[in-house]
Amino acid sequence: MNIADLRKSYEKAELNENASHADPLKQFAQWLQEAIAAEVPEPNAMTLATVASNLRPSTRVVLIKGYDERGIVWYTNYDSRKGQELAGNPFAALQFHWVELERVVRIEGRVEKVSDEESDAYFHSRPLDSRIGAWASPQSQVIDGRTVLVTNAAKYAAQFMLQPPRPPHWGGYRLVPDNWQFWQGRKSRLHDRLRYTQEGNSWLRERLAP
């Protein structure tokens, strides 16, 4: 089959101004909970886009670990490529794609590190293997093979036993949104698309052409 001929008719739901929340965080919370309830694969997975100092963009999938009125939180290695790019350009974009619900959420804004207390609390809630893994992986660096990771994991497991501390190079980021978009697939490619733009302490909600 020619991939250009692949088609899908989107007919599961609709999104309109009257039925959506005036606060984008509430709309996001509703859709995320609906994705969880629908048991879509990894509803907490989101694509994170950053831009390097040479203006080249890059994307990767990370997992949301929290959200509130302050923003969207995830955790990672600060020395990774995304960490280095955020250090030089602290703006990013996130995207959730819940294929089974025919929905997309796009979020843009400034990124900041969460507090050490927040990073510590989340780190110590993780399974032991994940905590050791944060020490074992020099994320985004070239390594000779998987043996490097296995050897590092064994070394740090022996060193820290059951109580590895949070690595200084590992912690949380929070994206503070100033722009949200909610996309609901509709029939005949006449999709619903609402944008929320921050204006002071309130949000301007507008419909965009799909």
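Just the heavy atoms: all of them, side chains too, but no hydrogens, waters or symmetry mates, feed the values below. For the single chain, residues carry numbers from 1 onward in sequence order.
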- request: May I ask you to check whether over 12 heavy atoms, not counting those of Leu162, lie within 6.0 Å of atom CG?
  value: no
- prompt: Are any non-hydrogen side-chain atoms of Leu149 and Ile143 less than 4.5 angstrom apart?
  reply: yes
query: Salt bridge check: are Arg186 and Glu102 linked by an N-O gap of less than 4.0 Å?
result: no
message: Taking Leu86 as the starting point, is it possible to reach Ile64 by hopping between hydrophobic residues whose side chains are less than 4.5 Å apart?
response: yes
- prompt: Would Thr50 and Glu85 count as having a side-chain donor-acceptor pair, cut-off 3.5 Å?
  reply: yes
- prompt: Side-chain contact, heavy-atom cut-off 4.5 Å: Trp170 with Gln139?
  reply: no
- prompt: For Gln184, what residues pass the side chain to side chain donor-acceptor pair (under 3.5 Å) criterion, not counting sequence neighbours?
  reply: Arg103
message: Applying a strict under-4.5 Å side-chain criterion to I, L, V, M, F, W and Y, I'd like to know whether Leu48 and Val105 cluster together.
response: yes
field: Side chain proximity check, Ser20 to Tyr196, heavy atoms < 4.5 angstrom
entry: yes
query: Taking atom types as modelled and ignoring hydrogens, do the side chains of Arg56 and Ser58 form a donor-acceptor contact shorter than 3.5 angstrom?
result: no
query: Can you list the other members of the hydrophobic cluster that holds Tyr10, where links are side-chain heavy atoms under 4.5 angstrom apart?
result: Val104, Trp183
- prompt: Does a donor on one side chain and an acceptor on the other come within less than 3.5 Å for Lys82 and Thr76?
  reply: yes
Chi angles and distances behind the ring pair (Phe, Tyr, Trp, His ring centres under 6.0 Å) call for Tyr78, Tyr173: CA-CA 9 Å; Tyr78 290 144; Tyr173 286 105; 5.2 Å; yes
- prompt: Between Pro138 and Asp79, is any pair of side-chain heavy atoms under 4.5 Å apart?
  reply: no
- prompt: side-chain hydrogen bond (donor to acceptor under 3.5 Å, both in side chains) with Gln30: which of Gln33, Glu34, Lys26?
  reply: Glu34
- prompt: Going by heavy atoms in the side chains, are Arg195 and Arg106 under 4.5 Å from each other?
  reply: no
task: Using atom types as modelled and distance alone, determine if a side-chain donor or acceptor of Ser202 lies under 3.5 Å from a backbone N or O of Glu199.
output: yes
query: Would you call Glu118-Lys113 a salt bridge at under 4.0 Å N-O?
result: no
field: Linked, directly or transitively: Val99 and Val40 (ILVMFWY side chains, under 4.5 Å)
entry: no
message: Give me each pair satisfying ring-ring contact (aromatic ring centres under 6.0 Å, His included) with a member in residues 28-54, each pair once, sequence neighbours excluded.
response: Phe28-Tyr67, Phe28-Phe96, Phe28-Trp180, Trp31-Phe182
- prompt: Any luck finding a side-chain donor-acceptor pair between Glu11 and Ser9 under 3.5 Å?
  reply: yes
